[in-house]
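Single-structure report; data block below.
Each chain gets a letter, A, B and so on, in the order its sequence line appears, and its residues count up from 1.
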Amino acid sequence: MKILVCVKQVPNTNEVKINPKTGTLIRDGVESILNPDDDNALEAALQIKDKNEGTNVTVISMGPPQAADVLIECMAKGADDAILLSSRAFGGADTWATSNTIAGAIRKIADYDIIFAGRQAIDGDTAQVGPQIAERLGIPQVTYVEEVLKCEDGKLTVKRQLEDGYEMIEIPTPCLLTAVKELNTPRYMSVKGIYDACEREITVWNETDIPVSPDEIGINASPTKVYRSFTPKPKGRGMMVEGTPKEAAAKVTEELKKKHFL
Amino acid sequence: MFEKKHEMLRKLAREFAEKELEPIADEAEKNAGYPGELWHKAAKYGFGGITIPKEYGGTGGDYKSLAIVVEEFCKKDAAASSLLMSNSLSGAPYLYYGNEEQKQKYLKPMVLGEKIGAFALTEPGAGSDSGATQTTCLWDEAQGCYILNGRKCFITMGPICDYAVVFAKSNLEAKGTRGISAFIVEADWEGFSHGKPEEKMGMHASVTSDLVFNNVKVPKENLLGEEGEGFKIAMGILDAGRVTVASQGLGIAAGCLDLAVAYSKERVQFGKPICKLQDVAFKLADMATEIQATRLLVYDAADKLDKHQRVTMQAAMAKYKAGELCNSVAYKALQIHGGYGYMQDYAIERMTRAARLVSIYEGTSEIQKLVISGHLLK
């Protein structure tokens, strides 16, 4: 079985702040990490590999050269191969152009049974790239996968998370699944995995290596432009008023008087 | 000095320590031991064989890698370096002095987390002075084996070890350390008994006891190295062992600093967090500076080990400095915690008790000074 896992290197948003003047993310000194949902996607692929001898897991990412770091991390966890799509021509891509690029690379790979992707990336929260890749490749997809129930020859049975319940879905391969964090607990890298991964080469493809036309990739093929990004201003501090309704009303009235509203 | 793999190992060790060690550190201290599944998990991710070659189940990594993992583990739980002992005291005698059969039979299962080993050198009357060893392991021609008698004390993993490398006199006529040999002794052999677990001041999760031998029959093939080589074997692995203990001291110090920084930001007195008080802030600055200086000393020694340079003096310096440092940093960090730091609910209390051991075991600070001054004055 051949499994592809789409991953993204993202800033650790727990540490990211927004520059209030420019409205852009302050990424200086912020650690870059493997997108958490993608880690669940990789784990799902590795669990299938653990149970099915001969399974090959290839991770694929689009990003600047330093995005190779997350691919090495994926290999240190057990992925067999890694492909980085990296070129200035890919820069500034929105989800439309990104999914075009990744789907192009997957067309070149051609031979695969399952594509896993994380539900969404923590730096954009769009949840669009996975589904768009499936659309471009013309393969079936299930989003919000919480459990892979069965993995048989030519088909999978998965449990899909909904807001108010679940769907059990049988899906033929090749297909694309997007993973939610409830799907599994990702494993750590291993010591041996790190040593081996650091010795291995990562395949790097640019726009000439994959079957895409120049007008389908990068910033010029991106209809979405982020006009401004900002954090809403924090609201003022609230005050808890305790006591019976009558007492509470008295306290509120007093406070409002103090502030000259009454 | 550091490569990509070292950065990644630090990330791995930090994550493992935060998710697997820190949450159970207090419980392991109270229960005096780690759950079996933690040993298996640590082995599964390869921590048991960082420096052990692949043919024996390890990675064949360098000493810097081991030092990094020890540092990160000990930031969260000082006793957790005992999970890594197959890389140092428990495993190194086999790796450097064992034959192929001994390595496969005893080293590999330790690396894979299936067995626990121990290193039994210290005796009630022979601590720093190995020449005073009284345990004997004498060849008995009639029985066709060695006969081991005696008692070892303060043996890390003693209560739970499956086997141990035991240093004993095999030649009663040779003087001092010359008649000492090393033997691999299995715990389920007749006459082998584990002593009562010691009730120590700290590091409870890293269990310690006597090992007692009463006419234990040791087959000839369980002699490690050559007869009379025991002291050479013990000394031969000491340098690497000292760098590992120095990394432990470094980790404890760095962990205490982390605790002190966090607490000083949270604790409000006189209307502001106490980190805003200059005395507290300057204490933190002193601690951080000393830790960084020690870190360079420790990793320099580890780097020299990796380059196969002689490091006896550097290892002694690193061990001496880190052993003393973790005590002084723990003291200051507890002082910053005030009364709360004296309570067992706070990790600094556990870390402070643990620190006290680092300047004592695997050669006291005074022995390290003897080694350092010996090099200066030779």
Heavy atom to heavy atom, less than 4.5 Å: which residues from residues 253-273 of chain B reach chain A?
none
Should the heavy atoms of other residues, nucleotides or ligands under 6.0 Å from CD of A/Glu242 be counted, would the total exceed 12?
no
Could you tell me whether A/Lys181 atom NZ has more than 12 heavy atoms of other residues or ligands within 6.0 Å of it?
no
Of all of B/Lys19, B/Lys5, B/Lys44, which one pairs up most often with chain A through heavy atoms under 4.5 Å apart?
B/Lys5
If you define the side chain from C-beta out and look only at heavy atoms, does anything of A/Asp69 sit under 4.5 Å from B/Lys4?
yes
How far apart are the closest heavy atoms of B/Lys11 and A/Glu31, and which atoms are they?
CE-OE2, 4.5 Å
Should we say atom NZ of B/Lys276 is surrounded by more than 12 heavy atoms from elsewhere, each under 6.0 Å from it?
no
Checking heavy-atom separations under 4.5 Å from chain B, one finds in residues 191-204 of chain A A/Val191, A/Lys192, A/Ile194, A/Tyr195, A/Asp196, A/Cys198
Which atom names give the shortest non-hydrogen contact between B/Tyr45 and A/Arg187, and what distance separates them?
OH-CB, 3.5 Å
For A/Tyr188, which of B/Lys41, B/Glu15, B/Glu20 qualifies under side chain to side chain donor-acceptor pair (under 3.5 Å)?
B/Glu20
If you count the non-hydrogen atoms of other residues, nucleotides and ligands that lie under 6.0 Å from CD in B/Gln309, is the total more than 12?
yes
